[in-house]
Amino acid sequence: MKLAVLLSVVAVCHTATVKHERRFPDDFIFGCATAAYQVEGAWNEDGKGENIWDYLTHTNPTVIRDQSNGDVAADSYHHVERDVEMMRELGLDAYRFSLSWSRILPTGFANEVNQAGINYYNNLINEMLKYNIQPIVTMYHWDLPQRLQELGGFINPLIADWYEDYAKVVFDNFGDRVKLWITFNEPREICYEGYGATGLAPILNATGVGTYICAKNLAIAHAKAYHLYNNEYKARQGGECGITISVNWFGPLTDSEEDEFAAELRRQATWGLYAEPIFSAEGGFPKELAARVAEKSAEQGFPWSRMPEFTDEEKKFVRGTSDFFGVNHYTAFLVSATKHIQQHAVPSLLDDIGVGSYVPPEWMKSASSWLTLAPNSIYNALTHLASKYNNPVFYITENGWSNDPTASLEDDDRVTYYRAALESVLNTLDAGVNLKGYMTWSLMDNFEWLKGYTERFGLYEVDFSSPERTRTPRKSAFVYKEILRTRTIDNSYEPSSLIMTIDEGH
Ligand code: GBE
């Protein structure tokens, strides 16, 4: 296999001592990402409808660590010019943002299109294009219209039709200028955290059941939007349509066969569940996981497996429906068949796989409990995906680091993280992986879901106590800018001041 050959060549080169400068290709796309609910604010302005995050934060505020919400957030709805100015300051090639479904379709359905919502995104896109910044648009980043949730959300198979109707409105209005579409951000977080646990809205906690049903319905919804684009827009608009899946790395704790299998089960349960139906040659859910859930379901007295099946027709409909593989990557975990095992609800996805996971104490810690700096984890995740799925086009659509709201603007931990991550990107490119671009999470501080404003991911700090939501670049912003400008990583680079300017040509 071509990739395997390339991988062994790289292994040899890395052991050699010649230290020549490694460059990012000129056409490699560098950007930053955000999401609608996390930055926009204006939660009920100009005709926007209520979504599940409006509903959750307003009716159940104590589930948010600081009892905050995204009512105003970074107020990006009123700061298009400043947001684009930051992109120019950094010299970004692209900016990834998401569309708020209920801002565009206040009822959730396509009976009523909110022109003010369309205007907001038109202004943003047009302002970016003035400066040659490419829009990468996520069509769904977790903010389902509340009415659709009341009708079952992703547990109702009709979600696929509702989503297709929404997709049509989106392609009709923005497809003349948007050439990179992401149908869904992170199905695992939507389905597992939202339906199978209590990590994200709608915190349904239907453990062991909700995740799997959602995963199937979401795959069909994604495929419907893909086929719609492919059949009715692509020839005219010439863009690409894909999906973004969160792929952290799960390696075995030891090299025993049991630990390797445990890691494989964990990978299947964490991202294979969403990737396999779309990117594998056979389609459908991952086999070992499906067998395990069927077995557990039978033991537990269920007359059917808690994991639904795809019919042959559905498999065919879903398979191959992504022009690229969008990867959100943050960290890694080591997986064991016998150690670090915890008790979980029965039934639940974690009980179904029954493996332990471990994070070595020497991996640098962020402000988020789940996020450490794991060595070369981008390389580990992407080379694995590339050989598993025949090296499709990849974009890293998120990668980032959190710190405390009180941390100084000199965010050396984030600088360390980004330099390590981008070294890992270079290793990945050297290995022959078809990786075309990289986006940081995030351009600016924003509403971090259940963690509210207590964890900050921005290259720009946002002052949430100022009415203007003043944005100030952190040291990491200058370092990222320098990497983009030079296309290389210089570990000794120090910004001479934290005063930002726009370079010529941006
Ligand atoms: C991405 O998710 C999201 O796309 C983005 O919206 C988000 O802001 C960004 O990452 C940073 O989180 O009790 O702390 O372990 C963990 C990445 C909740 C995956 C955090 C939800 C990581 C999924 C709960 N996780 N996130 S706990």
Side-chain angles (χ1 to χ4, degrees), residues 65 186 188-189 192-193 196-200 207 211 245-275 289 327-345 348-385 396 398-404 407 411-425 427-428 440-442 448-451 454-457 476:
R65 187 189 270 167
E186 297 188 346
R188 185 199 87 97
E189 280 58 33
Y192 174 73
E193 303 282 1
T198 55
L200 294 166
T207 66
T211 310
I245 300 175
S246 52
V247 182
N248 289 320
W249 177 241
F250 296 89
L253 181 62
T254 72
D255 54 16
S256 74
E257 232 171 85
E258 291 73 23
D259 283 359
E260 185 40 69
F261 184 69
E264 174 58 22
L265 263 188
R266 179 66 207 237
R267 292 191 291 262
Q268 290 188 5
T270 307
W271 49 258
L273 196 52
Y274 314 99
L289 179 67
V327 170
N328 287 353
H329 178 94
Y330 287 85
T331 192
F333 301 86
L334 300 178
V335 184
S336 169
T338 51
K339 299 212 173 85
H340 313 289
I341 309 266
Q342 293 178 331
Q343 291 302 309
H344 299 286
S348 67
L349 173 138
L350 291 176
D351 178 68
D352 285 339
I353 57 174
V355 303
S357 79
Y358 175 72
V359 176
E362 62 273 20
W363 293 359
M364 184 170 83
K365 290 180 177 59
S366 71
S368 307
S369 59
W370 53 275
L371 173 54
T372 63
L373 196 180
N376 212 15
S377 62
I378 289 180
Y379 172 89
N380 289 332
L382 268 78
T383 52
H384 179 89
L385 288 178
I396 294 176
E398 285 179 30
N399 177 245
W401 186 256
S402 65
N403 60 12
D404 204 79
D411 54 346
D412 292 305
D413 51 350
R414 184 174 288 105
V415 168
T416 301
Y417 177 89
Y418 276 127
R419 282 179 174 153
L422 286 164
E423 286 290 352
S424 196
V425 165
N427 297 340
T428 307
T440 69
W441 184 270
S442 175
E448 178 57 16
W449 310 113
L450 296 193
K451 300 296 158 31
T454 67
E455 297 174 7
R456 303 294 178 86
F457 280 86
S476 54

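Scope of the values below: all heavy atoms of this structure, side chains included, with no hydrogens, waters or symmetry mates.
Between Leu265 and Phe261 the shortest side-chain heavy-atom distance falls below 4.5 Å. Within the 4.5 Å cutoff, the side chain of Leu385 has heavy atoms near those of the Trp271 side chain. The shortest side-chain heavy-atom distance between Pro360 and Leu334 falls under the 4.5 Å cut-off. Side-chain contact check for Thr454 versus Glu448: every heavy-atom pair is 4.5 Å or farther apart.
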Using the salt bridge (Lys or Arg N to Asp or Glu O under 4.0 Å) rule, take Glu455 and Arg65 through it: C-alpha gap first, then chi angles, then the decisive distance, then the call. CA-CA 10 Å; Glu455 297 174 7; Arg65 187 189 270 167; 3.6 Å; yes
How far apart are the C-alpha atoms of Asn380 and His384, what are their side-chain angles, what is the distance that settles it, and do they pass the side chain to side chain contact (heavy atoms under 4.5 Å, CB included) test? CA-CA 6 Å; Asn380 289 332; His384 179 89; over 6 Å; no
Could you give me the CA-CA distance, side-chain angles and deciding distance for Trp249 and His329, then say whether ring-ring contact (aromatic ring centres under 6.0 Å, His included) is met? CA-CA 8 Å; Trp249 177 241; His329 178 94; 8.8 Å; no
Does Glu260 form a side chain to side chain contact (heavy atoms under 4.5 Å, CB included) with Asp255? I'd like the steps, not just the answer. CA-CA 7 Å; Glu260 185 40 69; Asp255 54 16; over 6 Å; no
Can Tyr330 and Trp401 be said to form a side chain to side chain contact (heavy atoms under 4.5 Å, CB included), step by step? CA-CA 8 Å; Tyr330 287 85; Trp401 186 256; over 6 Å; no
Using the rule given for side chain to side chain contact (heavy atoms under 4.5 Å, CB included), can you reason through Met364 versus Asp413, listing the C-alpha separation, both sets of side-chain angles and the distance that settles it, and then say yes or no? CA-CA 8 Å; Met364 184 170 83; Asp413 51 350; 4.0 Å; yes
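A distance of 6.0 Å separates CG of Leu349 from OH of Tyr192, quoted to the nearest 0.5 Å. Note: Asp351 CG to Thr207 OG1 = 9.0 Å, rounded to the nearest 0.5 Å. To the nearest 0.5 angstrom, Ser246 atom OG is 4.0 Å from Glu186 atom CD. Note that CG of Leu373 is 9.5 Å distant from CH2 of Trp363, once rounded to the nearest 0.5 Å. Here CZ of Arg456 is found 12.0 Å from OG of Ser442. Values are rounded to the nearest 0.5 Å. Here the CZ atom belonging to Phe457 is positioned 4.0 Å from the OG atom belonging to Ser402, to the nearest 0.5 angstrom.
Scored by the side chain to side chain donor-acceptor pair (under 3.5 Å) test, Thr440 finds no partners at all (sequence neighbours excluded). With sequence neighbours left out, the side chain to side chain donor-acceptor pair (under 3.5 Å) criterion links Glu264 to Arg267, Gln268.
Across every non-hydrogen atom of Ile353 and Leu289, the tightest pair is CG2-CD1, 3.6 Å. Taking all atoms of both residues into account, the shortest heavy-atom contact from Asp404 to Ala367 is N-CB, 3.8 Å. The two residues Tyr417 and Thr372 make their nearest non-hydrogen contact at CE1-O, 4.5 Å. Contact record, Leu273 with Ala269: CD2-O, 4.0 Å, taken as the closest heavy-atom pair.
Between the side chain of Asn328 and the backbone N or O of Ile245, no donor-acceptor pair lies under 3.5 Å. Of the possible donor and acceptor atoms, none in the side chain of Ser476 sits under 3.5 Å from a partner among the backbone N and O of Asp411. Checking side-chain atoms of Asp259 against main-chain N and O of Pro252 turns up no donor-acceptor pair under 3.5 Å. With hydrogens and angles disregarded, a donor-acceptor distance shorter than 3.5 Å links the side chain of Tyr418 to the backbone of Asn399.
In Glu257, the CD atom is not crowded: 12 or fewer heavy atoms of neighbouring residues, nucleotides or ligands sit closer than 6.0 Å.
Judged purely by distance below 3.5 Å, without hydrogens or angles, the side chains of Ser424 and Asn376 pair a donor atom with an acceptor atom.
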Table please: side-chain donor-acceptor pairs of residues 335-343 below 3.5 Å, with sequence neighbours left out.
from: Ser336; atom 1: OG; to: Thr338; atom 2: N; distance (Å): 3.1
from: Ser336; atom 1: OG; to: Lys339; atom 2: N; distance (Å): 2.8

